[in-house]
Asker: 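Take a look at the following structure, please.
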Amino acid sequence: MQSPHITETPTGSVRTLDPGLAVATGQASSKGASATFAELLKRVKAEGLLDLDPRYDYRRLALNLALIGAGLAAFFLIGASWWQMPVAVWMGLCGVQSAYMWHEVGHKAMFRDKRIGTLVAYFHANFFSGVSYAWWVNHHNRHHSHPNHISLDPDIGRRTAIFDIKQYASRTRTGRFIVRHQRVLFFVLLVLEGYKMEKTTVKELSKSGTKHRWLEIELVLLRAAVYLTAVFWVLTPLQAVAFILVQHAALGVYFGLMFAPNHKGMEVRDGEKESLDWLERQVLTSRNIRPNWWINFLYGGLNYQIEHHLFPTMPQKNLGRARELTREYCAERGIPYLEVGFWESYRQVATFLHDVSAPTRADKRLNAAA
């Protein structure tokens, strides 16, 4: 794994990532695919990997709704009991599986019919999860354009954790304490991830100009009314509060753990312009988790993070084959392609977070300023 510090590589030079592993960089481009990416894209298109398959997606949606239905049935059958806590965990996990549905729709990787896609997205995002779909699409598209770019990637900007030491100065007193111990606290604070998304939704929908703003507001409010009524009607007040907290914690931890290995510890850039072309930008900033059927389900296909970033409109079912083509192509071109096992991915993330925050623990002046 490379240094946690930002690298600025001049055009035509060689960037060292690991001992014995380097890649030559060409002319940077932030406006489109490079010639090398065009070659890979041609191979992918030749096998029809960008073609949609609505039948497969309907099966995914049916499975997702069945998981939700099972949780709801258990909730009403169990009634006022502390045995509802496992149900709360289950519903939290269902929230992340539902996020995969609106994620696919947002990338236009699920349905050709825009109306069906919009219906699926608003149901799973606004109504089931209480998250603004319009905000998420805008936010996520900017992330895909410039992953791991400190100035341009909003996923970096909204994190308490830092990716480079120069971010430390902008943190609050509490934020600096978190940064100094971010190897551990990053994972602990994932319990708040669901709450943070709902808070962002309220903030964004309070602004004018959001597409379908009133529809989104109505769905979020309807969701809150139905959810709170059901929880406080079926459970005792104490159980209801506990259910809400446990569900949100389960959702946040699962959501955070599924997205944490994707980019943290990979290539980081900064500046007004991109320093990488499209192919390198996506491959060097992303990490794959070694696939099997369980990992594929757990991550919703996002364990193929490199391929997902290279081909965001590709249906989930085709990412496995795209992985084979991409690994082969990167080997031909000498481009580093990182894929690790489940536990190793989190070890790398924790190590990166620890290393990048090391100066905040060692430098007395930084600590004094905090």
Side-chain angles (χ1 to χ4, degrees), residues 1-6 17-18 85 88-89 92-93 95-96 99 143 147-148 150 153-200 242 244-268 270 285-290 295 298-299 302-303 305 338-370:
M1 187 167 62
Q2 74 252 38
S3 164
H5 302 293
I6 298 175
L17 285 90
D18 281 317
M85 296 308 106
V89 172
L93 303 185
V96 178
H143 158 69
N148 264 21
I150 289 180
D153 184 354
D155 269 357
I156 287 182
R158 74 186 185 94
R159 297 294 177 189
T160 303
I162 63 171
F163 287 64
D164 186 80
I165 190 60
K166 72 179 184 180
Q167 294 178 282
Y168 186 69
S170 64
R171 296 300 188 263
T172 64
R173 189 180 187 88
T174 301
R176 291 183 178 187
F177 174 81
I178 293 172
V179 166
R180 290 198 295 273
H181 309 282
Q182 66 180 18
R183 176 174 61 175
V184 174
L185 292 183
F186 171 81
F187 295 99
V188 173
L189 293 176
L190 290 180
V191 296
L192 301 176
E193 196 66 23
Y195 162 75
K196 288 168 64 177
M197 287 193 292
E198 291 180 357
K199 180 182 177 181
T200 300
I244 294 171
L245 292 176
V246 170
Q247 181 183 358
H248 277 70
L251 183 147
V253 171
Y254 183 18
F255 194 89
L257 288 178
M258 294 305 98
F259 285 87
N262 295 347
H263 305 286
K264 291 173 180 61
M266 303 303 294
E267 181 85 15
V268 178
D270 197 10
T285 63
S286 302
R287 175 194 292 107
N288 275 16
I289 310 299
R290 196 168 297 118
I295 291 293
L298 198 64
Y299 283 82
L302 295 182
N303 50 302
Q305 189 66 198
L338 182 60
E339 179 177 284
V340 298
F342 177 86
W343 293 112
E344 174 61 16
S345 71
Y346 296 108
R347 188 196 69 79
Q348 290 188 4
V349 170
T351 299
F352 167 76
L353 293 173
H354 183 71
D355 290 348
V356 79
S357 62
T360 69
R361 296 184 297 276
D363 193 322
K364 294 181 179 180
R365 290 172 298 176
L366 286 175
N367 289 326

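From a predicted model like this one, the values you see are computed outputs, not experimental measurements.
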Asker: Establish, from distance only, whether the side-chain atoms of Ser357 and Arg361 form a donor-acceptor pair under 3.5 Å.
Answerer: yes
Asker: Apply side-chain contact (heavy atoms from CB on, under 4.5 Å) to residues Leu302 and Met258 and explain how you reach the verdict.
Answerer: CA-CA 8 Å; Leu302 295 182; Met258 294 305 98; over 6 Å; no
Asker: Measure across Ile289 and Gly341 and return the closest heavy-atom pair with its distance rounded to 0.1 Å.
Answerer: CG2-C, 4.2 Å
Asker: To the closest 0.5 Å, what do you measure between CG (Leu353) and CZ (Phe187)?
Answerer: 6.0 Å
Asker: Check the angle between the aromatic planes of Tyr346 and Phe342 and answer parallel, tilted or perpendicular using the 30° and 60° thresholds.
Answerer: perpendicular
Asker: Does the Asn303 side chain pair with the main chain of Asn288, one donor and one acceptor, at a distance under 3.5 Å?
Answerer: no
Asker: Within the 4.5 Å heavy-atom criterion, are Ile165 and Val356 side-chain neighbours or not?
Answerer: no
Asker: Could you tell me whether a side-chain N or O of Tyr254 sits under 3.5 Å from a main-chain N or O of Leu298, the two making a donor and an acceptor?
Answerer: yes
Asker: Would you mind reporting whether Leu93 and Leu251 have side-chain heavy atoms less than 4.5 Å apart?
Answerer: no
Asker: Mind checking the CG-NZ spacing from Leu189 to Lys196? Nearest 0.5 Å is all I need.
Answerer: 7.5 Å
Asker: Rounded to the nearest 0.5 Å, what's the gap from CZ on Phe163 to CD1 on Ile156? Could you check?
Answerer: 4.5 Å
Asker: What is the minimum heavy-atom distance between Ile178 and Leu185, and which atoms define it?
Answerer: CA-CD1, 3.8 Å
Asker: State, to 0.1 Å, how close Val179 and Tyr168 come at their nearest heavy-atom pair, and which atoms those are.
Answerer: CG1-CD1, 3.7 Å
Asker: Residues two or more places apart in sequence or in another chain: which of them pass side-chain hydrogen bond (donor to acceptor under 3.5 Å, both in side chains) with His143?
Answerer: Asp153, His263, His309
Asker: Under a 3.5 Å cutoff, is there a donor and acceptor pairing between the side chains of Glu193 and His248?
Answerer: no
Asker: Hey, are Gln348 and Arg287 close enough side-chain-wise for a donor-acceptor pair under 3.5 Å?
Answerer: yes
Asker: Grab the two heavy atoms, one from Phe259 and one from Phe255, that are nearest each other, plus how far apart they are.
Answerer: CD1-O, 3.0 Å
Asker: For residues Arg171 and Gln167, report the shortest heavy-atom separation together with the two atoms involved.
Answerer: NH1-O, 3.5 Å
Asker: Between Arg183 and Asp355, does any NZ, NE, NH1 or NH2 come within less than 4.0 Å of an OD or OE carboxylate oxygen?
Answerer: no
Asker: Should Leu257 and Leu190 count as side-chain neighbours, where that means a heavy-atom distance under 4.5 Å?
Answerer: yes
Asker: Distance from Arg176 atom CZ to Gln182 atom CD, nearest 0.5 Å?
Answerer: 13.5 Å
Asker: State whether the side chain of Asn262 and the backbone N or O of Gln305 hold a donor-acceptor pair below 3.5 Å, judged by distance alone.
Answerer: no
Asker: Are Asn148 and Glu267 side-chain neighbours, meaning at least one heavy-atom pair lies under 4.5 Å?
Answerer: no
